[in-house]
Amino acid sequence: MRQTGFFHHIGTFLLLAATVLLIITDISAPVVNNISMLKVNLDDRATSTDRHPQITFGTFGYCVQDTMASGQDFCTRSHIGYDPAEVVEENVHGVEFSDYAADTSKALTRVMVLHPIATGLAFIAFLLALGAGVVGSLLASLCSLLTFLVTLVALICNFVSFSIIKSEVNNADDGSTAEWGAASWTTLVSAICSLLATVVVFFTCCSARMHRRRQSRVAVKDVPDGYGAPVRRRRWW
């Protein structure tokens, strides 16, 4: 792997970056209040200037921030699946979702369980790539490809689910606005990193295998004729 070591290290770094980015997605609200997949800035015209009420939707729940008189945030417990449409209807005036839209957004939040699964796969691919052998690189590229597919499915479900919420909030006349949070972009970038890592690591694996075969052919050609052949014993008669 020495001839393609530089590119292999790039692929290994991309897998590490994908792992870190997916971890950021995993710890979004309610684990870390300000990291979100989607952020809804609530109408603050009736509040003081130092308060900025908002809702942050994350992987395993959500937080309603700065809406209480005490200034404390309300966050759900971490669990798989929740109803973002119901949360928005309770906090944003003039927004009403159809049953189909509400059920779709709720169902797709259950797919977010793929985020930690993709994180684990990316970390396993990173460990395999550290071996830097042909077999390790091949397994790392396959695991990286699986990471990309899982992340892609989760990413599509994220954008479909929260696009429904974002569209309804921004179309309302309440004064509230919705925007994509950092966790959505970290998921997107991690998918790109895992895809690039798959290509790079697989390329280094194939290049190392081809170079090894070329070296073995050259070594055979350099052997002189008769080298290693058994010597005929001369008889005394």
Side-chain angles (χ1 to χ4, degrees), residues 15-42 52-68 71-92 95 97 100-126 143 146-169 176-194:
L15 289 173
L16 177 61
T19 303
V20 173
L21 291 170
L22 286 171
I23 290 175
I24 295 175
T25 303
D26 295 339
I27 63 173
S28 58
V31 179
V32 180
N33 298 9
N34 294 323
I35 300 178
S36 63
M37 306 288 294
L38 180 74
K39 181 172 66 173
V40 178
N41 299 305
L42 301 176
H52 303 284
Q54 61 183 4
I55 307 172
T56 52
F57 296 102
T59 299
F60 296 116
Y62 62 90
C63 290
V64 181
Q65 303 182 40
D66 210 12
T67 58
M68 301 181 182
Q72 295 181 346
D73 300 338
F74 168 77
C75 295
T76 62
R77 293 184 301 173
S78 296
H79 59 280
I80 299 174
Y82 57 93
D83 193 348
E86 181 181 2
V87 178
V88 171
E89 288 178 344
E90 292 176 352
N91 293 274
V92 180
V95 173
F97 295 89
Y100 175 77
D103 293 341
T104 301
S105 62
K106 180 179 180 180
L108 291 177
T109 58
R110 300 182 183 276
V111 186
M112 293 183 190
V113 71
L114 293 178
H115 291 158
I117 295 176
T119 305
L121 290 173
F123 184 67
I124 293 174
F126 167 71
C143 193
L146 183 59
T147 302
F148 167 71
L149 295 176
V150 173
T151 306
L152 181 63
V153 172
L155 181 66
I156 293 174
C157 292
N158 293 345
F159 277 103
V160 172
S161 175
F162 289 122
S163 290
I164 298 173
I165 306 298
K166 182 175 180 291
S167 177
E168 290 293 335
V169 172
S176 301
T177 58
E179 59 186 14
W180 297 111
S184 294
W185 304 122
T186 55
T187 308
L188 175 61
V189 177
S190 67
I192 297 174
C193 288
S194 59

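Everything quoted here is computed from the prediction, not taken from an experiment.
The two atoms that bring Cys63 and Pro30 nearest to each other are SG-CA, 3.7 Å, heavy atoms only. Of all heavy-atom pairs spanning Ala183 and Met37, the tightest one is CB-SD, 3.4 Å. Taking each heavy atom of Phe162 and Pro84 in turn, the nearest pair found is CE2-CB, 4.5 Å. Across all their heavy atoms, Val169 and Thr177 have their closest contact at CG1-C, 3.9 Å.
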>> Run His115 and Asn158 through side chain to side chain contact (heavy atoms under 4.5 Å, CB included) and show every step you take.
In response: CA-CA 10 Å; His115 291 158; Asn158 293 345; 2.8 Å; yes
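Side chain of Thr109 to main chain of Tyr82: a donor-acceptor pair is present (N/O by atom type, distance under 3.5 Å, no hydrogens or angles). Without hydrogens or angle criteria, Asn41 side chain to Ala178 main chain gives no donor-acceptor distance under 3.5 Å.
Here the straight-line distance linking atom CD of Glu89 with atom CD1 of Ile165 works out to 8.5 Å at 0.5 Å rounding. Here OG1 of Thr151 is found 11.0 Å from CD1 of Ile156. Values are rounded to the nearest 0.5 Å. Here the NZ atom belonging to Lys106 is positioned 12.0 Å from the OG atom belonging to Ser161, to the nearest 0.5 angstrom. Within the model, atoms CG of Leu42 and CD1 of Ile55 stand 4.5 Å from one another, a figure rounded to the nearest 0.5 Å. Between the CG atom in Leu121 and the OG1 atom in Thr147 there is a gap of 4.5 Å [rounded to 0.5 Å]. Between atom CD1 of residue Ile124 and atom CG of residue Leu15 there is a gap of 11.5 Å, rounded to the nearest 0.5 Å.
Counting heavy-atom neighbours within 6.0 Å of Phe123 CZ, excluding the residue itself, gives a total of 12 or less.
For the pair Val88 and Tyr62, the minimum side-chain heavy-atom distance is 4.5 Å or more. Two residues are said to be in side-chain contact when any heavy atoms from C-beta on lie closer than 4.5 Å; Val40 and Phe57 meet this criterion. Inter-residue side-chain proximity for Cys75 and Asn33 is flagged as met; some heavy-atom pair is nearer than 4.5 Å. A heavy-atom distance below 4.5 Å is not found between the side chains of Ser190 and Thr25. You'll find the side chain of Lys39 stays beyond 4.5 Å of the side chain of Asn34, heavy atoms only. Contact check for Phe97 versus Ile164: side-chain heavy atoms found under the 4.5 Å cut-off. In this structure, Ser163 and Trp180 have side chains that are in contact, with non-hydrogen atoms separated by less than 4.5 Å. Between Ser36 and Ser28 the shortest side-chain heavy-atom distance does not fall below 4.5 Å.
Checking Thr119, Ile117, Thr186 one by one against Leu22, the side-chain contact (heavy atoms from CB on, under 4.5 Å) holds for a single residue, Thr119.
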